[in-house]
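Notes for the one structure printed next.
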Amino acid sequence: MKKLDREFYNRDSVLVARELLGKVLVHEIEGQRLAVKIIEAEAYMGVEDKAAHSYGGKRTPRVEVMYGDPGHAYMFLIYGMYCCFNVVTREKGIPQAVLIRAAEPLEGIQWMAQQRYGKPYEELSKSQLKGFTNGPGKLCKALSMDRSHNGIDLCGDQIYLEKGTGENFHVIATKRVGIDYAEEAKDYLWRFYIEGCL
DNA sequence: GAGTGGATAATCT
DNA sequence: GATTATCCACTCA
């Protein structure tokens with residue numbers, strides 16, 4: 001399977017978000033290969049997006065990686081307990097990113113179950129199965145990603161994205177959620193998901 | 001099946 | 001020192 005090259009990320013964030021659907025996110029850790037299919041992604045348009053950390057050109061140590069080169073991971077912590085995985089887009093100096101909100105486990109499912117609940121996949125409760133990887137925080141926990149991966153190169157060998165199976169699916173564009181504070185920006189159709197996976 | 005409240009820590013001013 | 005936003009378990013119908 002072919003990795004996505006840096007040029008893929010060096011484009012408009014909305015375009016990248018839509019094309020990331022169906023792609024495979026791979027995290028290699030301790031010889032274990034964890035792979036998930038991306039089923040939901042959200043674009044953050046930097047300075048013109050009130051929902052983005054970099055809105056208005058704000059520049060703090062945390063968002064610094066978004067100002068860097070495309071194709072890098074931007075991890076940020078929310079609620080003090082969960083983190084979100086983002087892909088940095090656009091060229092250096094333009095702070096845009098795509099948030100990966102949900103995915104579907106493909107490889108290393110047992111490993112993920114141990115990581116999240118400390119027990120085999122078969123023993124998970126219904127609610128645990130339902131929420132296995134359908135949220136940003138849960139996704140990161142399952143993939144064993146945290147702030148130590150912030151700024152990592154997605155064109156490297158530890159965390160990268162592969163082209164999917166090329167199967168057919170229908171992409172739905174919708175409003176973003178959980179950003180009521182963003183005023184008019186919350187009405188933009190910058191959130192994408194694969195129909196039938198939610 | 002639907003709705004509610006409590007937990008938590010890095011980041012910013 | 002204030003702010004920030006998701007997940008989970010619990011309750012009720």
Side-chain angles (χ1 to χ4, degrees), chain A residues 13 17 20-21 25 27 34 36-68 72-88 93 95-105 108-152 159 172 174-194 196-198:
Chain A
S13 297
L20 276 176
L21 296 181
L25 170 64
H27 183 194
L34 306 177
V36 295
K37 183 172 75 175
I38 297 170
I39 60 176
E40 188 177 353
E42 222 171 82
Y44 282 89
M45 302 297 281
V47 295
E48 42 182 291
D49 184 358
K50 288 185 179 176
H53 294 152
S54 52
Y55 169 65
K58 193 168 66 164
R59 191 153 189 163
T60 62
R62 183 176 64 157
V63 302
E64 196 63 26
V65 59
M66 275 201 286
Y67 286 86
H72 288 249
Y74 169 49
M75 311 291 306
F76 69 87
L77 195 67
I78 51 177
Y79 300 133
M81 352 164 50
Y82 302 102
C83 32
C84 294
F85 172 65
N86 297 256
V87 176
V88 177
Q96 295 191 0
V98 174
L99 169 64
I100 309 301
R101 295 187 57 87
E104 178 177 287
I109 293 177
Q110 291 299 346
W111 197 97
M112 293 185 214
Q114 284 293 340
Q115 171 70 24
R116 260 164 72 50
Y117 301 109
K119 54 185 177 182
Y121 186 72
E122 294 79 16
E123 292 179 19
L124 301 183
S125 70
K126 265 190 172 169
S127 62
Q128 288 172 331
L129 284 174
K130 187 185 169 203
F132 198 52
T133 50
N134 69 339
K138 293 176 279 198
L139 177 65
C140 287
K141 205 167 177 184
L143 288 177
S144 188
M145 309 212 303
D146 55 45
R147 279 175 9 274
S148 68
H149 298 95
N150 192 40
I152 203 170
I159 299 177
I172 307 289
T174 186
K175 293 184 198 176
R176 293 179 292 179
V177 295
I179 54 166
D180 290 339
Y181 58 89
E183 300 174 24
E184 76 276 2
K186 75 178 169 32
D187 290 326
Y188 298 159
L189 299 178
W190 287 347
R191 175 182 172 212
F192 303 95
Y193 64 90
I194 297 178
C197 285
L198 297 177

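Chain naming here is simple, since letters A, B, ... match the order of the sequence lines and numbering starts at 1 in each.
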Those residues that, when tested against A:S127, pass side chain to side chain contact (heavy atoms under 4.5 Å, CB included) (two or more places apart):
A:S125
Expressed in angstrom and rounded to an integer, what is the separation of A:R116 atom CZ from C:dC7 atom C1'?
9 Å
In whole angstroms, the gap separating P of B:dA9 from CE of A:M81 amounts to 7 Å
What pairs of donor and acceptor atoms, side-chain ones from residues 111-121 of chain A against any protein atom, are under 3.5 angstrom apart with sequence neighbours left out?
from   : atom 1 : to     : atom 2 : distance (Å)
A:R116 : NE     : A:F132 : O      : 3.0
A:R116 : NH2    : A:G131 : O      : 3.0

Which string of ( ) [ ] | and . matches DNA chain B, if you list each base 5' to 3' and count Watson-Crick or G-U pairs only when both distances are under 3.5 Å?
|||||||.||||.
Walk me through whether A:H53 and A:F76 qualify under side-chain contact (heavy atoms from CB on, under 4.5 Å).
CA-CA 10 Å; A:H53 294 152; A:F76 69 87; 3.5 Å; yes
Check salt bridge (charged side-chain N to carboxylate O under 4.0 Å, His left out) between A:R147 and all other residues, then give those that pass, not counting sequence neighbours.
none
In whole Å, what is the span from the CZ atom of A:R59 to the P atom of B:dC12?
13 Å
Here the distance between atom P of C:dT3 and atom NZ of A:K58, to the nearest Å, is 14 Å
Is a side-chain donor-acceptor pair under 3.5 Å present for A:N134 with A:K130?
no
Identify which nucleotide among C:dA9, C:dC8, B:dA7 has an atom closest to any side-chain atom of A:S127, counting heavy atoms from C-beta outward.
C:dA9
What parts of residues 135-145 of chain A reach DNA chain C, counting only heavy atoms under 4.0 Å away?
A:G135, A:P136, A:G137, A:K138
Of all residues at least two apart in sequence or in a different chain, which pass the side chain to side chain contact (heavy atoms under 4.5 Å, CB included) check with A:P136?
A:C84, A:R101
With no hydrogens and no angle check, is any side-chain donor or acceptor of A:S13 less than 3.5 Å from a backbone partner on A:V98?
no
Between P of C:dT4 and CZ of A:F76, the distance in whole Å
14 Å
Among C:dC8, B:dC12, B:dT11, the nucleotide that comes nearest once only the side chain of A:R147 is considered
B:dT11
Rounded to whole Å, how long is the line connecting atom CG of A:L124 with atom P of C:dC8?
11 Å
Quick one: do A:Y44 and A:D49 satisfy side-chain contact (heavy atoms from CB on, under 4.5 Å)? Show the steps, please.
CA-CA 6 Å; A:Y44 282 89; A:D49 184 358; 3.6 Å; yes
Round to a whole Å and report the spacing from NZ of A:K130 to P of C:dC7.
12 Å
Nearest-nucleotide pick for A:L77, side chain only, options being B:dA10, C:dC8, B:dT13
B:dA10
Would you kindly give the OH-to-P distance between A:Y82 and C:dC7, to the nearest whole Å?
7 Å
Could you tell me whether the side chain of A:P95 reaches within less than 4.5 Å of the side chain of A:V47, counting heavy atoms only?
yes
